[in-house]
Trainee: 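Submitted below is the structure of interest, expressed as structure tokens.
Quick note on labels: first sequence line is chain A, next is B, and so on, each numbered from 1. On a predicted model such as this, the values are computed, not experimentally measured, just so you know.
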Amino acid sequence: MSLENKEVPAAPTPSDFIRDIVAAHVAENKYPRIHTRFPPEPNGYLHIGHAKSICLNFGIAREFGGVCNLRMDDTNPAKEDIEYVESIQADVNWLISAWADDKLGLKPKGKTPETIAEEGKRDFYLPAVLSTPNAQPATALEPFYASDYFDQIYDYAEQLIEKGKAFVCDLTPEETDEYRRNGKASPFRDRSPAENLNLFQRMKAGEFPDGSRVLRAKITVDAANIWLRDPLLYRIKKTDHHHTGAKWCIYPMYDFAHCLSDYIEGITHSICTLEFEVHRPLYDWILESLSLPRPLPHQYEFARLSLSYTIMSKRKLMQLVDEQLVTGWDDPRMPTISGIRRRGVTPEALRNFAYNIGITKYNGLTDVSVLEFAIRDDLNKRSLRRLAVLRPIKVVITNYPEGKVEELDAVNNPEDENAGKRKIPFARELFIERDDFAEVPPPKFFRLKPGGEVRLKYAYIIKCEEVVKDAAGNLVELRCTADLDSKTGGATSARKVKGTIHWVSAAHAVDAEVRLYDRLFTEAEPEKDGRDFKSVLNPHSLEVITAKLEPSLQEAKPEARYQFERLAYFALDLDSKPGQLVFNRTITLKDAWAKEAHKG
RNA sequence: UGCCCGAUGGUGUAACGGUAGCACAGCAGACUCUGAAUCUGUUUGUCAUGGUUCAAAUCCAUGUCGGGCAACCA
């Protein structure tokens with residue numbers, strides 16, 4: 001037996017076509033270091049689809065000893081905002097914490113690319129600094145910003161002009177569109193480099209109004225791939241930018257800025273979603289046309305995430321927020337990272353989900369049950385069990401002395417011995433769950449029923465002797481007797497009764513607001529066949545109730561996760577105040593009984 | 001319409017010319033002081049047609065279906 005066989009098996013390493021490519025590059029020593037990046041546009045909050053991308057890019061950095069830069073892809077000031085910059089940083093930090101936070105590439109605050117000489121050529125480079133906890137105070141570092149490269153990108157544009165590979169075009173947007181569609185050359189295509197340079201400099205100086213001129217690459221006019229038909233590189237937009245202020249009135253287009261940003265940062269693997277596949281030839285053309293001295297980055301594409309019962313478009317999520325159909329970007333019903341976090345999901349659960357769904361080029365629809373499984377699986381292992389009654393009915397144990405209180409032992413987490421035990425008070429008057437009693441029990445109902453017995457978890461076996469109703473016929477209380485020897489550990493405690501239910505002592509229970517969240521949409525594909533997603537909003541996606549909790553929950557902690565036994569997983573909401581607890585239902589427990597009952 | 005990409009059970013994924021496997025979901029059962037968890041078993045699959053080969057999910061051709069692009073958005 002070799003020693004290696006005694007090693008604890010390592011966590012499974014993901015495998016997919018992109019990691020295969022990276023592994024091959026590592027094997028052939030193609031790059032000194034693998035360098036990826038996560039480049040969101042700060043025009044909305046990150047959602048679970050971005051989480052997939054974050055896990056991929058940081059996962060690769062982690063598995064291959066590389067770095068993953070966080071970069072704001074902020075080349076369109078009209079849509080972007082500092083609020084989003086801040087939320088993006090918070091969400092990324094949360095998702096990669098204790099996993100890949102030592103692979104997070106940042107840069108010193110305010111730093112812009114250095115001008116260096118590489119192989120005798122002028123070159124721009126902005127190296128990453130790892131945000132290793134002890135290295136630098138966190139305040140000294142910040143994410144990368146594409147807008148920090150506007151000077152360099154402008155310089156590259158002039159280089160293209162000088163090489164005769166770009167020209168200033170005076171066509172209107174509509175004309176440009178038509179010419180490109182028809183494969184017709186712009187009448188301005190053959191302006192001289194000198195004239196182009198002059199016009200471009202004047203564009204920069206603000207001499208021309210928005211939309212009057214653009215800088216275009218001079219590639220072809222009729223390539224089959226539209227993105228090679230003299231694509232736009234720069235447009236005039238007299239708008240202040242959240243990061244560069246009023247410095248610029250021309251802004252580079254995505255295609256021009258992105259590949260150059262990758263190059264400036266020394267990115268090796270530029271991973272994006274499938275819709276950019278047709279842009280790849282342009283990505284390569286720009287970099288190759290500039291005769292850059294350092295190794296060029298390459299683009300690889302994978303399928304974005306689609307989830308059932310979910311919409312993922314930032315624009316539509318913003319619509320939900322703007323029209324107050326949810327309470328905000330971090331509403332626990334939102335598929336945003338901040339919403340998912342507020343709901344009580346842990347980063348580990350989200351990462352496991354990302355691992356489970358894999359990476360391919362196939363545009364599929366992932367069933368939310370895969371996400372739900374990852375959440376339950378994680379919460380089952382970590383959550384503290386508590387007794388809580390969501391919809392109470394009163395139970396009086398008629399043979400239990402008035403005024404007597406017993407402190408019973410309860411296990412905090414059967415999945416984790418180290419979680420220990422706690423005490424819960426038992427007394428004559430209790431609350432049990434409304435669903436745990438049936439006056440006319442359906443088949444296979446093994447909870448409390450008239451004349452029937454059930455075990456109160458950690459306490460006694462009780463028998464329902466009398467159902468008390470008011471004049472209107474509403475259930476008021478249940479009068480029961482307890483087998484006083486049947487307490488956990490007692491003489492008849494081994495007696496088998498089919499059902500065990502949860503309960504709280506009426507006198508000791510703590511009231512709390514509980515927010516019961518459910519799916520936001522009633523249809524698996526909210527937008528199927530062009531239907532308006534707002535027409536299939538689930539009217540019951542949030543129900544707010546006041547629940548009765550066991551008293552230990554008074555000391556609930558925001559970072560802890562709880563399972564209210566037999567019901568669901570919960571986490572404290574940030575709206576909680578001392579003495580005013582608010583819990584969010586993260587996800588219900590699997591409910592085989594509900595399924596059975598539905599069979600009718 | 002042109003160009004690009006894709007297609008493996010209900011869903012998502014693996015198999016890289018040599019036994020179609022895993023996860024979720026489903027179903028059945030065991031266990032249970034959580035109708036949870038756990039455990040056992042199990043239904044269901046290579047888009048089609050040709051070709052190459054001793055051998056094809058895999059390579060080739062054609063077709064079908066699905067997705068993407070054709071923004072002075074990213």
Trainee: Decide, applying a 5.5 Å centre-distance limit and a 30° plane-angle limit (both strict), whether Y362(A) stacks on G6(B).
Mentor: no
Trainee: Using a 4.0 Å heavy-atom cut-off to protein, can you give one letter per nucleotide of nucleotides 65-74 of chain B, 5' to 3': B if the base is in contact, S if only the sugar-phosphate is, - if neither?
Mentor: --SBSSSBSB
Trainee: Rounding to the closest angstrom, what is the interatomic distance between A56(B) and C3(B) at atom C1'?
Mentor: 30 Å
Trainee: How would you label the contact of Y569(A) with the nucleic acid (heavy atoms, under 4.0 Å): base, sugar-phosphate, or nothing?
Mentor: nothing
Trainee: Under a 3.5 Å cut-off for both contacts, is C65(B) paired Watson-Crick or G-U wobble with anything, and if yes, with which nucleotide?
Mentor: G6(B)
Trainee: Separation of F302(A) atom CZ from G6(B) atom C1', in whole Å?
Mentor: 16 Å
Trainee: Would you kindly check if the NZ (Lys) or CZ (Arg) of R216(A) is within the cone defined by 45 degrees around the ring axis of F167(A) and under 6.0 Å from the six-membered ring centre?
Mentor: no
Trainee: Assign each of I501(A) and D377(A) to its nearest nucleotide of RNA chain B by heavy atoms, then name whichever residue's nucleotide is nearer the 5' end.
Mentor: I501(A)
Trainee: For H279(A) and F276(A), take the angle between the two ring planes, folded into 0 to 90°, and tell me which bin it lands in: parallel under 30, tilted 30 to 60, perpendicular over 60.
Mentor: perpendicular
Trainee: Report yes or no: is the cationic atom of R213(A) (NZ for Lys, CZ for Arg) closer than 6.0 Å to the six-membered ring centre of F208(A), at no more than 45° off its axis?
Mentor: yes
Trainee: Please confirm whether F426(A) and Y400(A) have ring centers closer than 6.0 angstrom.
Mentor: yes
Trainee: Need the pair for C59(B). Rule: Watson-Crick or G-U wobble, both distances under 3.5 Å, any strand; none if unpaired.
Mentor: G51(B)
Trainee: C69(B) and G12(B): how far apart are their C1' atoms, nearest whole angstrom?
Mentor: 26 Å
Trainee: May I ask you to check if K184(A) and Y179(A) form a cation-pi contact, with NZ or CZ under 6.0 angstrom from the six-membered ring centre and within 45° of the axis?
Mentor: yes
Trainee: Would you give a per-nucleotide map of nucleotides 28-34 of chain B, 5' to 3', where B means the base has a protein non-hydrogen atom under 4.0 Å away, S means only the sugar-phosphate does, and - means neither?
Mentor: S---BBB
Trainee: Describe the nucleic acid contact of L365(A) in one word from base, sugar-phosphate, nothing, applying a heavy-atom distance below 4.0 Å.
Mentor: sugar-phosphate
Trainee: Between D222(A) and R181(A) (salt bridge meaning N to carboxylate O under 4.0 Å), is one present in this structure?
Mentor: no
Trainee: For nucleotides A14(B) and U58(B), find the distance between their C1' atoms and express it as a whole number of Å.
Mentor: 13 Å
Trainee: Please report the distance separating the P of G29(B) from the corresponding atom of U11(B), rounded so that it comes out in whole Å.
Mentor: 26 Å
Trainee: To the nearest Å, give me how far apart CG (D16(A)) and P (G12(B)) are.
Mentor: 17 Å
Trainee: Looking at D436(A) and R566(A), does any basic side-chain N land under 4.0 Å from a carboxylate oxygen?
Mentor: yes
Trainee: Say we look at A15(B) and C47(B): how far apart would their P atoms be, to the nearest angstrom?
Mentor: 16 Å
Trainee: Decide if the gap between the ring center of F564(A) and the ring center of F570(A) is smaller than 6.0 angstrom.
Mentor: yes
Trainee: For G41(B), which nucleotide in any strand shown is its Watson-Crick or wobble partner with both distances under 3.5 Å?
Mentor: C27(B)
Trainee: In whole angstrom, give the distance that lies between atom CG of D436(A) and atom P of A36(B).
Mentor: 14 Å
Trainee: Distance check needed: A37(B) C1' versus D591(A) CG, whole Å only.
Mentor: 14 Å
Trainee: Can you tell me the pairing partner of G17(B) across any strand shown, Watson-Crick or G-U wobble, with both distances under 3.5 angstrom?
Mentor: none
Trainee: Quick check against the 3.5 Å criterion: does E433(A) have a side-chain atom that pairs as donor or acceptor with the backbone of L390(A)?
Mentor: yes
Trainee: How far does the C1' atom of C65(B) sit from the matching atom of U8(B), given to the nearest Å?
Mentor: 15 Å
Trainee: What is the distance, rounded to the nearest whole Å, between atom CG of N356(A) and atom P of C24(B)?
Mentor: 8 Å
Trainee: Look through every strand shown and name the nucleotide pairing with U1(B) as Watson-Crick or G-U wobble, where both distances are under 3.5 Å.
Mentor: A70(B)
Trainee: Could you tell me how far U19(B) sits from A55(B) if I compare only their C1' atoms? Round to whole Å.
Mentor: 13 Å
Trainee: Starting at atom CD1 of I359(A), determine the distance to atom P of A23(B), rounded to an integer number of angstrom.
Mentor: 20 Å
Trainee: Shortest non-hydrogen contact from Y251(A) to D240(A)?
Mentor: OH-C, 4.1 Å
Trainee: Taking a pair as Watson-Crick or G-U wobble with both distances under 3.5 Å, which nucleotide is matched to A36(B)?
Mentor: none
Trainee: Centre of Y154(A)'s six-membered ring, under 6.0 Å away, within 45 degrees of the axis: is that where NZ or CZ of K204(A) sits?
Mentor: yes
Trainee: Round to a whole Å and report the spacing from CD of E596(A) to C1' of C27(B).
Mentor: 12 Å
Trainee: In whole angstroms, how far is the P atom of C4(B) from the CZ atom of R229(A)?
Mentor: 13 Å
Trainee: How far does the P atom of A20(B) sit from the matching atom of A57(B), given to the nearest Å?
Mentor: 9 Å
Trainee: Quick one: label R447(A) by what it contacts on the DNA or RNA (base, sugar-phosphate, nothing), any heavy atom closer than 4.0 Å.
Mentor: base
